[in-house]
Amino acid sequence: MQAAREGVRRAGLDERVIVPDADHPQTRRIIAAVHSDDYRRELEEAAAEGAPFFHSMDNSISRATSAAAEAAVSLALHAADELFERRSLRRAFLPVRPPGHHAERRQAMGFCFYNTIACAAEFLREKQGIDRVFILDWDVHHGNGTQHLFESRDDVFYASIHRFPFYPGTGASGERGKGDGAGATLNVPLDAGATDSIWLDAFERQVLPAIRDFEPRAILISAGFDAYASDPLGGMRLTETAFATMTRQIGELADSMCEGRLLSLLEGGYDLEGLARCTMAHLVAMSGDS
């Protein structure tokens, strides 16, 4: 959180930080729609009882974990309202923790408890005129939870570019959706050690055409920065330039399809200086400043 906020400061955007003064009133309803009331109560009880882990040793928790995860969803809903309902913002980035894209409907995984970006997408689908939502996930790990939550639907397109094979083991190129959602999932798996040129070539050849073909009314980004070259977990060789380039290209598509509105949520990123650098690059590109 501190490293991401340092990236905000370096981008010169401290004065644009918004902290809502109340929880979003639809937070628990949306969590129940994406996960379940039983799952939420299970997490609340585990945190209140002081359990050290939730579901697996990947998910260490404290007494504040449930409230933090719920607050992340609340902030995402506030941002969605400001972007797509009140239209007071054009673009927004949420440096929230915990991350969310590994969380399944009833299973916490990979540091993730509620699938925050899935909650934002579900909330946006309720809004008039937003009949198609595109989720782009560039975290180095595949967002299994987000894919599984939407893979049978044709109104939410999930696209991921990631290292493969790698945790969590999903995200093969043949995973393209099921039933009504067949064709509304795109996975772009890359080998370890991918550089900016390899990553961006795959991104431009596969992800950008998918967005253009889908013609979304809202674009969301699972912005993980753990593909950065010095990240201790990622095993990739990206620089902040790659993240800035992807952001600018997505911003251009948002301008043409979504009145410029773009919502980005922080996922992974474990090298603190790298996280600050990538956050800065992402925000400068989002804001359109030189």
Side-chain angles (χ1 to χ4, degrees), residues 34 80 83-84 90-93 101 115 117-164 170-190 194 196-224 227 238 242-265 267 282 285-286 288:
V34 171
L83 281 161
F84 296 97
R90 189 160 170 267
R91 296 176 183 174
F93 172 68
H101 71 155
N115 197 311
I117 201 163
C119 289
E122 193 69 53
F123 182 63
L124 283 169
R125 277 291 294 111
E126 298 179 353
K127 295 188 178 298
Q128 185 174 2
I130 304 181
D131 56 348
R132 295 184 302 280
V133 176
F134 195 101
I135 300 175
L136 166 62
D137 189 334
W138 68 48
D139 191 279
V140 77
H141 304 95
H142 179 248
N144 56 288
T146 313
Q147 175 176 306
H148 293 154
L149 286 163
F150 294 117
E151 64 185 351
S152 297
R153 291 170 51 172
D154 61 3
D155 58 338
V156 179
F157 194 116
Y158 175 74
S160 176
I161 182 167
H162 51 271
R163 178 179 165 184
F164 185 85
T170 52
S173 60
E175 297 172 26
R176 298 301 307 272
K178 302 177 180 179
D180 291 344
T185 296
L186 172 66
N187 284 298
V188 184
L190 299 177
D196 284 7
S197 60
I198 293 171
W199 187 286
L200 290 173
D201 178 66
F203 179 78
E204 291 165 4
R205 285 188 298 104
Q206 298 187 60
V207 176
L208 295 182
I211 299 175
R212 295 187 189 102
D213 290 344
F214 189 65
E215 297 183 339
R217 297 296 177 257
I219 299 176
L220 311 182
I221 302 175
S222 270
L238 269 61
F243 296 109
T245 300
M246 289 191 291
T247 304
R248 283 194 297 271
Q249 292 173 325
I250 294 301
E252 290 169 0
L253 291 179
D255 286 341
S256 65
M257 298 177 177
C258 313
E259 299 181 31
R261 290 175 176 81
L262 181 64
L263 178 58
S264 173
L265 286 77
E267 297 284 2
H282 183 49
M286 281 186 76

By side-chain hydrogen bond (donor to acceptor under 3.5 Å, both in side chains), D139 pairs with (sequence neighbours left out) H141

Listing request: all salt bridge (Lys or Arg N to Asp or Glu O under 4.0 Å) pairs with a residue in residues 202-211, at least two apart in sequence or in separate chains.
D201-R205

Rounded to the nearest 0.5 Å, how far apart are CG of N115 and NE2 of H101?
8.5 Å

Hits for ring-ring contact (aromatic ring centres under 6.0 Å, His included) against H142, two or more places apart or cross-chain, chain-then-number order -> Y158, H162

Rounded to the nearest 0.5 Å, how far apart are CD1 of I135 and CD of Q147?
11.0 Å

How far apart are the closest heavy atoms of D154 and D180, and which atoms are they?
CB-O, 3.3 Å

Those residues that, when tested against H282, pass ring-ring contact (aromatic ring centres under 6.0 Å, His included) (two or more places apart)
F93, W138, F225

So which of L208, L190, I198, V188 actually passes side chain to side chain contact (heavy atoms under 4.5 Å, CB included) with F203?
L208

Return the set of residues passing salt bridge (Lys or Arg N to Asp or Glu O under 4.0 Å) with R90 (not counting sequence neighbours), or none when no residue passes.
D255

To the nearest 0.5 Å, what is the distance between CZ (F243) and CG (L238)?
5.0 Å

Tell me, please, which residues at least two apart from E252 pass side-chain contact (heavy atoms from CB on, under 4.5 Å).
none

Tell me every residue that passes side-chain contact (heavy atoms from CB on, under 4.5 Å) with R248, counting only those two or more places apart in sequence or in another chain.
A244, T245, A285

Write down the atom of N187, the atom of G171, and the distance for their closest heavy-atom approach.
CB-O, 3.4 Å

Heavy-atom side-chain proximity of V156 to T146 below 4.5 angstrom:
no

Kindly list each side-chain donor-acceptor pair under 3.5 angstrom involving residues 214-223, sequence neighbours excluded, with atom names and distances?
unit_1 : atom_1 : unit_2 : atom_2 : d
R217   : NH1    : E215   : O      : 3.0
S222   : OG     : E267   : OE2    : 2.8

Pairwise distance CG(D137) to CG(N144) - rounded to 0.5 angstrom
9.5 Å

State whether the side chain of R91 and the backbone N or O of G251 hold a donor-acceptor pair below 3.5 Å, judged by distance alone.
yes

Shortest non-hydrogen contact from V207 to L186?
CA-CD2, 4.0 Å

Holding to side-chain contact (heavy atoms from CB on, under 4.5 Å), I want the full list of residues that pass it with A172, two or more places apart in sequence or in another chain.
F164, E175

Under the salt bridge (Lys or Arg N to Asp or Glu O under 4.0 Å) test, residues paired with D131 that sit two or more places apart:
none

Only counting residues at least two apart or in another chain, list the ones meeting salt bridge (Lys or Arg N to Asp or Glu O under 4.0 Å) with K178.
E151

For R125 against R153, the heavy-atom pair lying closest together
CG-NH2, 4.2 Å

Nearest heavy-atom pair of L83 and L262: which atoms, and what distance?
CD1-O, 3.9 Å

Closest contact, heavy atoms only, G143 versus S160
N-OG, 4.4 Å

To the nearest 0.5 Å, how far apart are CG in L149 and CD1 in I117?
12.0 Å

Which distance, rounded to the nearest 0.5 Å, do you find between the OG1 of T185 and the CZ of R176?
8.0 Å

